[in-house]
Participant: 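What follows is a structure written as structure tokens; I'll ask about it next.
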Amino acid sequence: MAFDGITKSLFSRLLNKKVISIGTKYYATNELETEYVGLINLTKTMLVEVKQANINSQSIFENLEQEIDQRDLPKNRKFIEMKPADNSVNEYALLSNIIMGSDRYLYIELFKPNYLIEDFANMVIEANGTIVEKSHSELVSHMPSKKDSIKIAIDMISLGMQQNCNVRASVGMTGAASIERAIEMNNEIGNISGVAFTKLGGEYGVIFEETPTDKKVHLPAVEIDNFMYIDAKDSTGYIAKYGKDKLIEIMNDINEYIANDGNGKIEGYRVGGDDLIINFPNKEIALKTGLDCAWYALNNDLNLRVGIGKSRREAGENAHLTDSIKIHDDTPVIVFDIANGKYAYYIPTAFTRSTLDFLENKKLTIIGIFIFVFVLTLIGWNTQNIWLGFVAIIIAILIASISN
């Protein structure tokens, strides 16, 4: 643990930005998680804080108002906070969202049996969701996104309250998580209609003490999209070393992967080009795809700059921020927003990865070398044999090289 803190402090100074994590200690529970955790640890991918987010309940509620189209957000809604968000970015929660996707399971509970449960099931299917379980008073479904889950939950609450039936809704990473969140909200506010959700480690809810009104929140229209800008770093140098055909092959592979497996809508790509813009349905998919592309290109000795933002311009600006996130040589970097802050995934060079492997796996060797050099140098100073210190350093370098 002490070595981990020292290493993060060292790289924070080298990058001149706070390093939140190096690799991950995320505990994988399935094949997909094992694959991503393995790649993150193999490449020593670092989560770096470019600009610290100021996370509080007010900023979260404002963010929610923008995420959910104001036309679907009734004016008589109330926000409640059941558990405050961490005023820091949680590496584990972020990685979980990237691998598994954000809260997509929607749990619906009628506080008294009602035929409406059949109408709710039809609403889920019409919204491209999938029914997981259904009874006379409960429904668990898998939705396309967290945003869709909250929006359709508000529609269900409105329909239920019009029929004098209060409705509890909650969204979670799994069906079980969404049910647990509903229980927590019931304990907090009782049988008041509302939808519970998580945001940046906190627990929140939108509740309705009266039937949701037709009057909507008046906010400036904001287009919420998730654009990703990908650009090959030093493409001229790469072409000189490997040839134009190799660059085209890699960029075409990335283009094909995004189109077929990344759920992205590609814009502005031409065959033979070294950049492209993609629009994704949500940020988590964009981040996952960005990591996939960066690792693939790195495996072919090509470094990518990747920026993710709410607009094409913001994505491009974030991509160009990657140029300032390096120690000396160019490496793949992905810059993205969280709340009102900016963060990055930084993939270090092969030399840095080897050094980190040595620091992580040879802790006892390092401690032994330090003690050996310290003792021999101390003896040298006290006996007027200063050369002993230099000999100790040479021997230590030889031991380190052999053990590595």
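FYI, side chains are in, hydrogens and waters are out, and symmetry mates aren't considered; it's all heavy atoms of this structure.
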Participant: For Y115, does its backbone N or O pair with a side-chain atom of D119 as donor and acceptor, under 3.5 Å?
Facilitator: no

Participant: Are the side chains of F111 and N186 in touch, meaning some heavy atoms are under 4.5 Å apart?
Facilitator: yes

Participant: May I ask you to test the Y229-D275 pair for a side-chain heavy-atom distance under 4.5 Å?
Facilitator: yes

Participant: For the backbone of D330 and the side chain of N303, can you confirm whether one donor and one acceptor N or O come within less than 3.5 Å of each other?
Facilitator: yes

Participant: Can a donor-acceptor pair be found between the side chains of S12 and S9 at a distance below 3.5 Å?
Facilitator: no

Participant: Please enumerate all residues that pass salt bridge (charged side-chain N to carboxylate O under 4.0 Å, His left out) together with D148, with sequence neighbours excluded.
Facilitator: none

Participant: Check M143 against G129 and note the closest heavy-atom contact, atom names and distance.
Facilitator: SD-CA, 4.0 Å

Participant: Does K146 reach the main-chain N or O of T198 with its side chain, forming a donor-acceptor pair under 3.5 Å?
Facilitator: yes

Participant: I need the minimum non-hydrogen distance between S145 and R104, along with the two atoms involved.
Facilitator: CA-CG, 4.1 Å

Participant: Just verifying a value: how many Å separate N16 CG and S324 OG, rounded to the nearest 0.5 Å?
Facilitator: 9.5 Å

Participant: Are any side-chain N or O atoms of T45 and backbone N or O atoms of I347, one a donor and one an acceptor, separated by less than 3.5 Å?
Facilitator: no

Participant: Can you name the residues that form a salt bridge (charged side-chain N to carboxylate O under 4.0 Å, His left out) with E118, not counting sequence neighbours?
Facilitator: K134

Participant: Rounded to the nearest 0.5 Å, what's the gap from CD1 on I338 to NZ on K283? Could you check?
Facilitator: 6.5 Å

Participant: Which heavy atom of K342 sits nearest a heavy atom of N318, and at what distance?
Facilitator: NZ-OD1, 2.8 Å

Participant: Any chance you could measure F120, atom CZ, to L159, atom CG, to the nearest 0.5 Å?
Facilitator: 5.0 Å

Participant: Hey, does L287 have a side-chain heavy atom less than 4.5 Å from the side chain of I334?
Facilitator: yes

Participant: Hey, could you give me the OH/CG distance between Y92 and L95, rounded to the nearest 0.5 Å?
Facilitator: 10.0 Å

Participant: Does I183 have any side-chain contact (heavy atoms from CB on, under 4.5 Å) partners at least two apart in sequence or in another chain, and if so, which?
Facilitator: I179, N187

Participant: Among residues two or more places apart or on two chains, list those pairs meeting ring pair (Phe, Tyr, Trp, His ring centres under 6.0 Å) that have a residue in residues 128-158.
Facilitator: Y105-H142

Participant: In terms of side-chain heavy atoms, does N226 have a donor or acceptor partner in K310 at a distance below 3.5 Å?
Facilitator: no

Participant: Is there a side-chain contact between C165 and L110 (heavy atoms, below 4.5 Å)?
Facilitator: yes

Participant: Inspect the contact between K241 and D301 and indicate whether a charged nitrogen and a carboxylate oxygen are less than 4.0 angstrom apart.
Facilitator: yes

Participant: Check whether any side-chain heavy atom of T331 sits under 4.5 Å from a side-chain heavy atom of V333, and report yes or no.
Facilitator: yes

Participant: With salt bridge (charged side-chain N to carboxylate O under 4.0 Å, His left out) as the criterion, how do K17 and E49 come out once you've worked through the C-alpha distance, each side chain's angles and the decisive distance to 0.1 Å?
Facilitator: CA-CA 6 Å; K17 291 172 179 62; E49 184 179 83; over 6 Å; no

Participant: Could you walk me through whether K265 and I278 pass side chain to side chain contact (heavy atoms under 4.5 Å, CB included), step by step?
Facilitator: CA-CA 5 Å; K265 180 182 177 184; I278 314 101; 5.5 Å; no

Participant: Can you find a heavy atom in the side chain of T34 that is under 4.5 Å from one in the side chain of V37?
Facilitator: no

Participant: Mind running side chain to side chain contact (heavy atoms under 4.5 Å, CB included) on E249 and D245 for me, showing each step along the way?
Facilitator: CA-CA 6 Å; E249 178 188 340; D245 289 344; over 6 Å; no

Participant: Going by heavy atoms in the side chains, are Y345 and I98 under 4.5 Å from each other?
Facilitator: yes

Participant: Given E91 and T24, is the side chain to side chain donor-acceptor pair (under 3.5 Å) satisfied, shown in steps?
Facilitator: CA-CA 8 Å; E91 185 261 334; T24 182; 2.8 Å; yes

Participant: Let me confirm one number: the CD-CD1 distance from E138 to I108, rounded to the nearest 0.5 Å.
Facilitator: 11.0 Å

Participant: Is the Y26-Y36 ring centre distance short of 6.0 angstrom?
Facilitator: no

Participant: Would a distance-only check, ignoring hydrogens and angles, find a side-chain to backbone donor-acceptor pair under 3.5 Å from E33 to T29?
Facilitator: yes

Participant: Tell me the closest heavy-atom pair linking V19 and L15, and the distance in Å.
Facilitator: CG2-CD1, 3.9 Å

Participant: Got a donor-acceptor contact below 3.5 angstrom from the Y343 side chain to the A53 backbone?
Facilitator: yes

Participant: For the side chain of S170 and the backbone of S178, is there at least one donor-acceptor N/O pair under 3.5 Å apart?
Facilitator: yes

Participant: Decide side chain to side chain contact (heavy atoms under 4.5 Å, CB included) for I131 and V124; before the verdict, give the C-alpha distance in whole Å, the side-chain angles of both, and the deciding distance to 0.1 Å.
Facilitator: CA-CA 7 Å; I131 305 298; V124 166; 3.8 Å; yes

Participant: Around N122, counting heavy atoms of other residues, nucleotides and ligands shown, do more than 12 lie under 6.0 Å from its CG?
Facilitator: yes

Participant: Might you point out which heavy atoms bring Y257 and K288 nearest each other, and give the distance in Å?
Facilitator: OH-NZ, 4.2 Å

Participant: Are any non-hydrogen side-chain atoms of F11 and I22 less than 4.5 angstrom apart?
Facilitator: yes

Participant: What heavy-atom pair brings S158 and T211 nearest, and what distance separates the two atoms?
Facilitator: O-CG2, 3.9 Å

Participant: Starting at CD1 of I327, measure out to CZ of F351 and round the result to the nearest 0.5 Å.
Facilitator: 10.0 Å

Participant: Please list, chain by chain and in numerical order, all residues satisfying salt bridge (charged side-chain N to carboxylate O under 4.0 Å, His left out) with R305, sequence neighbours excluded.
Facilitator: D231, D323

Participant: Answer yes or no: does atom CD of Q163 have more than 12 heavy-atom neighbours from other residues, nucleotides or ligands under 6.0 Å?
Facilitator: yes

Participant: Short question: side chain of R168, backbone of G194 - any donor-acceptor pair under 3.5 Å?
Facilitator: yes

Participant: For K51, does the NZ atom have more than 12 heavy-atom neighbours from other residues, nucleotides or ligands under 6.0 Å away?
Facilitator: no

Participant: Go through M251 and L276 one step at a time and tell me if the side chain to side chain contact (heavy atoms under 4.5 Å, CB included) criterion holds.
Facilitator: CA-CA 9 Å; M251 295 304 293; L276 64 155; 3.5 Å; yes

Participant: Quick check against the 3.5 Å criterion: does N166 have a side-chain atom that pairs as donor or acceptor with the backbone of I192?
Facilitator: no

Participant: With sequence neighbours excluded, what pairs up with K18 under the salt bridge (charged side-chain N to carboxylate O under 4.0 Å, His left out) test?
Facilitator: none

Participant: Looking only at atom types and distance, does a side-chain atom of N30 sit under 3.5 Å from a main-chain N or O of L32, one as donor and one as acceptor?
Facilitator: yes

